[in-house]
J.: 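Got a structure for you, written out below as structure tokens; questions coming shortly.
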Amino acid sequence: MNVVTRIAPSPTGDPHVGTAYVALFNWAWARKHGGRFILRIEDTDSTRSKPEHEAEIHTALAWLGIEADESPAMGGDHGPYRQSERKATYRQYVDELIAGGHAYRCFCTAERLTELRTFQKAAKRPTGYDGKCRSLQPDESAQRAADEPHVVRLAVDKSATTRWNDLLRGEIVIENENVDDQVLLKTDGMPTYHLANVVDDHLMGVTIIMRAEEWIPSVPKHIMLYSAFGWQPPIYAHVPLLRNADKSKISKRKNPTSVLWYQQNGYLPETMVNFLALQGWSPREDDEEFTIGEFIDKFDPKDISLGGPVFDMVKLDWLNGEKIRKLDIEELADRLQSDGWAGEWHNDELLKILPLFQDRMKNLKDFEPAAAYLKARPEPDLEGLAKKTKKVDPAVLVTVLREAAERLREFEGHGDDEREAALRLVAEKHEIKVGALFMGLRVAVTGSVASPPLLPSIDSVGLDESLARVAALTDRLAPTT
RNA sequence: GGCCCCAUCGUCUAGUCAGGUCUAGGACACCAGGUUUUCAUCCUGGCAACACGGGUUCGAAUCCCGUUGGGGUCACCA
């Protein structure tokens, strides 16, 4: 099967998760069939398009591991891949459409159009171009075109019906009376999405268009263009839109939508890929965790479900924790360092201490604050300690902690089991719970009531410093003695 | 509002195309218990859904119609 897919983002803002979502499906399908996956930049909106946004799209896709076979950055046999560089091509096809009577020039001003729309809305009529310039004679139209600003519109046959078969949704039927005479070429000579999209997809040999469902209403325009050019339309597969918690189309205000945000906030790219794949698609078996390679093997666009998936950050965080736990220590150390989450920690230190933290991380961001106590003496959580040792007389606790410190000095260099046994004896001798003793030491050494295991923590901090911390705590708990 | 798309636990979903194996399966979250020196991990269990109404059928989550609900779209933005 010859499979050519594409993703056609517009560089008008941060690289969007929706773009990554659709890119993932397109990329995987092309990979699965040894086809081509094209990244085409739709920068026909000359006021909003910015080169830096295009660069960010590349960065975002590269981070996720979604590499295009053809793109503005790497070129290809069907370039250029930036629509702003294809103006001459579109011009040529527009002329062909006008000559064939499939499109016409429109000289109406923006003011007239606004007025028209306002009137239609007030009258509760459907909005749309009224066809004023459609009846212009070809020679008059051509003459005025020489020195009058104008656009070119699609001449929709309002009496016809457009129907097509969506790969995911089956037959969709839209009466052309509901289709506007869409602008194809703007006053500035740039094509609109509709024209550029059809021309490029055809010229680049795209066989299947997987894109968001928001495009469904404009498919008739595209089909009409294919037909006007005498081209075969590709297969359409309209995938669901990612949603906010309130089910509306995912938006910046209600969710982080920039792929870069996730990169900059401690998420692993494999988390994003796995999570995005799960939005609408699921493997046949019940295992929801998979690698990008496994996804390619199993993916089929036909299996995408159509309810709009709510982007659930809670599940994303869970998945990220799972992915972090799957990394081996070397790899985790590497990710922390290359993404800037390692702080002052050196690689050899990380390899030693990371086993203490890996199970406790849901995010690469979690490491540095959690490990801070190893670098600097923390402020002990006295309130937390008091709560956790309610049943213990503070004076007894101080005595026990001081004695425990002596034992730790005595048993320096001994194994965890031996040291633990020694500490247990201290607790038993003073008839307090072992947990209370450990909690006291824990708060002294790590500052917190929740921490990695105590003995390895003491070893990492160093015995002298650990005991100094215990002394500092006992002095505070019993300042007068 | 017109047009179009969609509809299973709070959320992501399996099951729908080929109706019975569904007292509807899994995951996240939540709750309870276990392991454990705390936390986390890990393990066990629990809570929780076929939007509604008709129809077709011996039988419907699955097919049909309607209703309701949600979403998208109606730009010289994509």
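We name chains A, B, ... by the order of the sequence lines, and we start the count at 1 in each one.
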J.: Categorize A/Gln83 for me: base, sugar-phosphate, or nothing, with a 4.0 angstrom heavy-atom threshold over every strand shown.
T.: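 No contact.
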J.: With a non-hydrogen cut-off below 4.0 angstrom, is A/Leu454 in contact with a base, only sugar-phosphate, or nothing?
T.: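 The answer is base, as A/Leu454 lies within the cut-off (heavy atoms under 4.0 Å) of a base atom.
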J.: Examine the base of B/A27 for any acceptor or donor lying under 3.5 Å from a partner atom in the side chain of A/Lys315, and report the outcome as yes or no.
T.: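 Checked by distance alone, the answer is yes.
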J.: With no angle test and no hydrogens, is the base of B/C77 tied to the side chain of A/Ser10 by a donor-acceptor pair under 3.5 Å?
T.: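 Between B/C77 and A/Ser10, which were checked side chain against base, a qualifying N/O pair under 3.5 Å is absent.
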J.: Judged by each residue's nearest nucleotide on RNA chain B, which is more toward the 5′ side, A/Trp215 or A/Ala450?
T.: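 Comparing both residues, the 5'-ward one is A/Ala450.
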J.: Salt bridge or not between A/Arg419 and A/Glu410? Use side-chain N to carboxylate O under 4.0 Å.
T.: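 No, this pair does not count.
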J.: Between the base of B/U41 and the side chain of A/Arg325, is one N or O donor paired with an acceptor at under 3.5 angstrom?
T.: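 Looking at the base of B/U41, it does not pair with any donor or acceptor on the side chain of A/Arg325 (distance under 3.5 Å).
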J.: Examine A/Tyr267 together with A/Trp341 and report whether their ring centres are nearer than 6.0 Å.
T.: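 Here the rings of A/Trp341 and A/Tyr267 have centres that are no less than 6.0 Å from each other.
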J.: Among A/Asp200, A/Asn26, A/Asp201, exactly one meets side-chain hydrogen bond (donor to acceptor under 3.5 Å, both in side chains) together with A/Arg6. Which residue is that?
T.: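 The single option meeting the side-chain hydrogen bond (donor to acceptor under 3.5 Å, both in side chains) with A/Arg6 is A/Asp201.
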J.: Heavy-atom nearest nucleotide on RNA chain B for A/Ser218 versus A/Asp359: which residue maps closer to 5'?
T.: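 Comparing both residues, the 5'-ward one is A/Asp359.
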J.: Does A/Pro126 reach a base, just sugar-phosphate, or nothing at all? Heavy atoms under 4.0 Å.
T.: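 Nothing, no nucleic acid heavy atom in range.
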J.: Report the nucleotide, chosen from B/C28, B/C4, B/C6, that has the shortest atom-to-atom distance to any side-chain atom of A/Ile174.
T.: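 For A/Ile174, the side-chain atoms sit closest to B/C4.
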J.: Assess whether one donor atom and one acceptor atom, taken from the side chain of A/Arg48 and the base of B/C77, lie less than 3.5 Å apart.
T.: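 Indeed, a donor on one side and an acceptor on the other fall under 3.5 Å apart.
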J.: What's A/Glu288 touching, base or sugar-phosphate or nothing? Going by heavy atoms closer than 4.0 Å.
T.: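 The answer is base, as A/Glu288 lies within the cut-off (heavy atoms under 4.0 Å) of a base atom.
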J.: Identify whether any heavy atom of A/Gly280 sits under 4.0 Å from a base atom; if not, whether one sits that close to sugar-phosphate; answer base, sugar-phosphate or nothing.
T.: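 Touches sugar-phosphate only.
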J.: Contact class for A/Lys433 (heavy atom, under 4.0 Å): base, sugar-phosphate, or nothing?
T.: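 Nothing, no heavy atom under 4.0 Å.
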